Asker: 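Pasting a structure below so you can have a look.
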Amino acid sequence: MKFNIEIEQETDGRWMAEIGDLPGVMAYGTTRNAAIGAVEALALRVVADRIEHGEVLPAQIEITFQPA
């Protein structure tokens, strides 16, 4: 599995990171790195939950940053 992180800075200065292939997986951070770290952690939790419930098979997971 390969997931791309899309990131952008909001007008209020916060950073928002999102993984489009995992609906609802988005996170905010006060820095770009904080937002990326938060969305990576959330994505791994979502994938782990899906594996536990038999929704996806374990496979190599790759998360990459995709500049906006």
Side-chain angles (χ1 to χ4, degrees):
M1 270 179 239
K2 181 175 181 178
F3 299 111
N4 291 316
I5 298 173
E6 298 174 18
I7 188 162
E8 64 182 65
Q9 191 170 23
E10 300 286 317
T11 56
D12 63 3
R14 295 180 302 162
W15 288 86
M16 192 266 303
E18 178 176 25
I19 297 180
D21 291 332
L22 294 172
V25 176
M26 64 179 281
Y28 287 92
T30 55
T31 66
R32 186 171 74 99
N33 287 340
I36 291 170
V39 82
E40 285 175 333
L42 180 56
L44 292 173
R45 287 186 200 109
V46 167
V47 170
D49 187 61
R50 289 183 180 183
I51 290 169
E52 287 177 7
H53 291 92
E55 295 178 36
V56 295
L57 297 175
Q60 181 179 359
I61 296 173
E62 182 179 335
I63 301 174
T64 60
F65 170 66
Q66 193 73 25

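Bear in mind that the values here come from a model prediction, so they are computed numbers and not experimental data. Only heavy atoms go into these numbers, but all of them, side chains included; no hydrogens, no water, no symmetry mates.
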Asker: State which residues pass side-chain contact (heavy atoms from CB on, under 4.5 Å) with M26; sequence neighbours excluded, sorted by chain then number.
Answerer: M16, E18, Y28
Asker: Using 0.5 Å steps for rounding, measure from the CZ atom of R32 to the CD1 atom of I7.
Answerer: 6.0 Å
Asker: Got a second to check how far I19's CD1 is from I36's CD1, nearest 0.5 Å?
Answerer: 10.5 Å
Asker: Within a strict 4.5 Å, meaning less than it, do heavy atoms of the L22 and V47 side chains meet?
Answerer: yes
Asker: Of all the heavy-atom pairs spanning A17 and A35, show the shortest one and how long it is.
Answerer: CB-O, 3.6 Å
Asker: Given side chains that start at C-beta, do those of N4 and D21 come closer than 4.5 Å, heavy atoms only?
Answerer: no
Asker: Applying side-chain contact (heavy atoms from CB on, under 4.5 Å), can you list everything that pairs with D49, at least two apart in sequence or on another chain?
Answerer: E52, H53
